[in-house]
Student: 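First, the structure itself, so that you have it in front of you.
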There are 2 protein chains.
Amino acid sequence: MEHRIDRIKKQLHAQSYKLTPQREATLRVLLEREEDHLSAEDVYLLVKEKAPEIGLATVYRTLELLSELKIVDKINFGDGVSRYDLRKEGAEHFHHHLVCIECGSVEEIIDDLLQDVEKIVQKDWGFQVKDHRLTFHGICKQCQEITVEVT
Amino acid sequence: MEHRIDRIKKQLHAQSYKLTPQREATLRVLLEREEDHLSAEDVYLLVKEKAPEIGLATVYRTLELLSELKIVDKINFGDGVSRYDLRKEGAEHFHHHLVCIECGSVEEIIDDLLQDVEKIVQKDWGFQVKDHRLTFHGICKQCQEITVEVT
DNA sequence: AAATTAGATTATAATTATTATAAATATAAA
DNA sequence: TTTATATTTATAATAATTATAATCTAATTT
């Protein structure tokens with residue numbers, strides 16, 4: 001983890017931003033909860049445990065900054081809040097999500113499944129793809145099994 | 001257009017909802033601006049031209065209802081507002097979008113480009129896909145040309 | 001046709017998420 | 001150390017959305 005924070009520190013410095021204690025605390029929360037999809041409020045509450053004096057607005061600003069630097073991705077699953085998701089190191093693209101409409105769980109897919117589709121979009125629509133957002137809505141493995149048992 | 005409204009009316013009745021004048025006016029706006037991606041506020045202002053007495057909350061409720069019935073899709077391009085987009089008649093899935101990061105334009109792709117990807121998700125992750133959201137972020141044809149000219 | 005009922009709307013208030021502002025503080029450079 | 005700049009805090013403001021209660025409408029029953 002320290003390694004990763006160091007590298008992000010350098011990324012910030014390269015653009016003459018500072019890694020303040022508040023920013024570092026926020027980053028640590030994101031790293032610890034890498035699998036989750038936390039809202040700004042969620043992040044705020046978790047950061048408060050480490051650094052109780054932090055303000056909500058600072059968390060928002062930090063997340064905004066990290067989004068700009070493409071360290072985190074801001075996503076929206078349609079529930080009214082933005083969520084923030086760490087990019088895998090070196091990832092070109094945003095990863096995909098599987099959102100279960102039964103239990104609300106969110107799974108991540110790291111593989112880039114869209115290379116062929118992007119080529120088509122590029123070719124047929126003349127659109128130069130820089131990034132994508134792909135979310136599938138459906139029923140996760142667990143919920144399918146439960147449904148079967150119940151039936 | 002009348003045809004389509006009639007069919008939607010039947011869809012509503014089938015679930016014992018009424019097609020009130022307000023709902024109809026809202027639908028007509030959505031049909032007239034089918035290519036656009038209107039926010040609730042946008043829709044409200046347009047509906048007001050036809051039916052000045054309508055309230056914003058009614059528009060919200062109507063859009064919510066139409067979302068539930070899968071007549072419109074609620075999308076979010078990350079600018080803080082939800083947008084509402086009519087489904088093509090009979091469409092199984094939500095269509096895709098190309099959002100230009102230069103000019104902000106939004107193009108629609110009706111073709112379903114994800115059939116292969118969905119099969120993979122189904123097979124490799126055991127996830128039963130019901131719907132999807134796919135948005136590409138990049139540079140549209142027009143903006144690419146402008147960039148070239150300017151250079 | 002009048003009365004009843006359930007659904008829908010209006011106007012307004014409340015809530016929630018997010019952003020802006022000004023003063024105070026911390027950090028890095030000179 | 002002084003200076004300049006970036007950052008944070010605390011608070012207020014804004015913007016989007018939802019809830020509430022009173023009113024209205026339309027369909028149904030009597």
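Every chain is numbered from 1 and lettered A, B, ... according to where its sequence line falls, protein lines coming before strand lines.
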Student: Whole angstrom is fine here: how far is it from CG in A:L19 over to P in C:dA26?
Tutor: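 Value for this atom pair: 17 Å.
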
Student: Below 4.5 Å, heavy atoms only, C-beta onward: do B:D79 and B:R83 meet side chain to side chain?
Tutor: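 Touching, per the 4.5 Å side-chain cut-off.
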
Student: Base, sugar-phosphate, or nothing for B:I54, non-hydrogen atoms under 4.0 angstrom?
Tutor: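 Sugar-phosphate: the residue B:I54, judged by heavy atoms under 4.0 Å, touches backbone atoms but no base.
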
Student: Identify, between B:A57 and B:G80, the residue whose nearest nucleotide on DNA chain D lies closer to the 5' end.
Tutor: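 Residue closer to the 5' terminus by nearest nucleotide: B:G80.
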
Student: With nearest nucleotide decided by heavy atoms, which residue, B:R23 or A:E41, maps closer to the 5′ end of DNA chain C?
Tutor: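 This one resolves to B:R23.
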
Student: With a cut-off of less than 4.0 Å, is there a side-chain N or O of A:Q22 near OP1 or OP2 of C:dA26?
Tutor: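 For C:dA26, OP1/OP2 do not have a side-chain N/O of A:Q22 under 4.0 Å.
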
Student: Within the pair A:T20 and D:dT7, is there a side-chain N or O less than 4.0 Å away from OP1 or OP2?
Tutor: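 Indeed not, no polar side-chain atom of A:T20 lies that close.
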
Student: Quickly work out the A:K48 NZ to D:dA10 C1' distance and round it to whole Å.
Tutor: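 Roughly 11 Å, once rounded to whole Å.
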
Student: Any non-hydrogen side-chain atom of B:I54 less than 4.5 Å from a side-chain atom of B:T26?
Tutor: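 Yes, close enough: below the 4.5 Å cut-off.
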
Student: For B:H93 and B:H95, I'd like to know if the aromatic rings sit close, meaning centre-to-centre distance below 6.0 Å.
Tutor: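 No, the ring centres sit 6.0 Å or more apart.
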
Student: If you assign B:P21 and B:N76 each to the DNA chain D nucleotide with the nearest heavy atom, which residue ends up on the more 5' nucleotide?
Tutor: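 Result: B:N76.
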
Student: Under 4.0 angstrom, heavy atoms only, what part of the nucleic acid is A:S82 near: base, sugar-phosphate, or nothing?
Tutor: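 Answer is sugar-phosphate: A:S82 comes under 4.0 Å of backbone atoms only.
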
Student: Do B:H137 and A:F94 have ring centres separated by under 6.0 Å?
Tutor: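 No, the ring centres sit 6.0 Å or more apart.
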
Student: Provide, to the nearest angstrom, the distance between the OH atom belonging to B:Y17 and the P atom belonging to C:dG7.
Tutor: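 Atom OH in B:Y17 sits about 10 Å away from atom P in C:dG7.
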
Student: Would you kindly give the CG-to-C1' distance between B:L45 and D:dA16, to the nearest whole Å?
Tutor: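 Computing the B:L45:CG to D:dA16:C1' distance gives 14 Å.
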
Student: Compute the centroid of each ring, for A:Y84 and then for A:H37, and state whether the two points are separated by less than 6.0 Å.
Tutor: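 Centroid separation for A:Y84 and A:H37: 6.0 Å or greater.
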
Student: Give the rounded distance in Å between these two atoms: NZ of A:K18 and C1' of D:dA4.
Tutor: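 My rounded result for the distance is 10 Å.
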
Student: Without decimals, in angstroms, what is the distance between A:L63 CG and C:dA17 P?
Tutor: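 Rounded to the whole Å, the gap is 14 Å.
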
Student: Measure the distance from CG on A:L12 to P on C:dA28 and round it to the nearest whole Å.
Tutor: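 After rounding, the reported distance stands at 13 Å.
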
Student: For C:dT19, does either OP1 or OP2 sit under 4.0 Å from a side-chain N or O belonging to A:Y60?
Tutor: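 The answer is no; no side-chain N or O of A:Y60 sits under 4.0 Å from OP1 or OP2.
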
Student: Write down the distance between CG (B:L56) and C1' (C:dA11), rounded to a whole number of angstrom.
Tutor: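 Computing the B:L56:CG to C:dA11:C1' distance gives 12 Å.
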
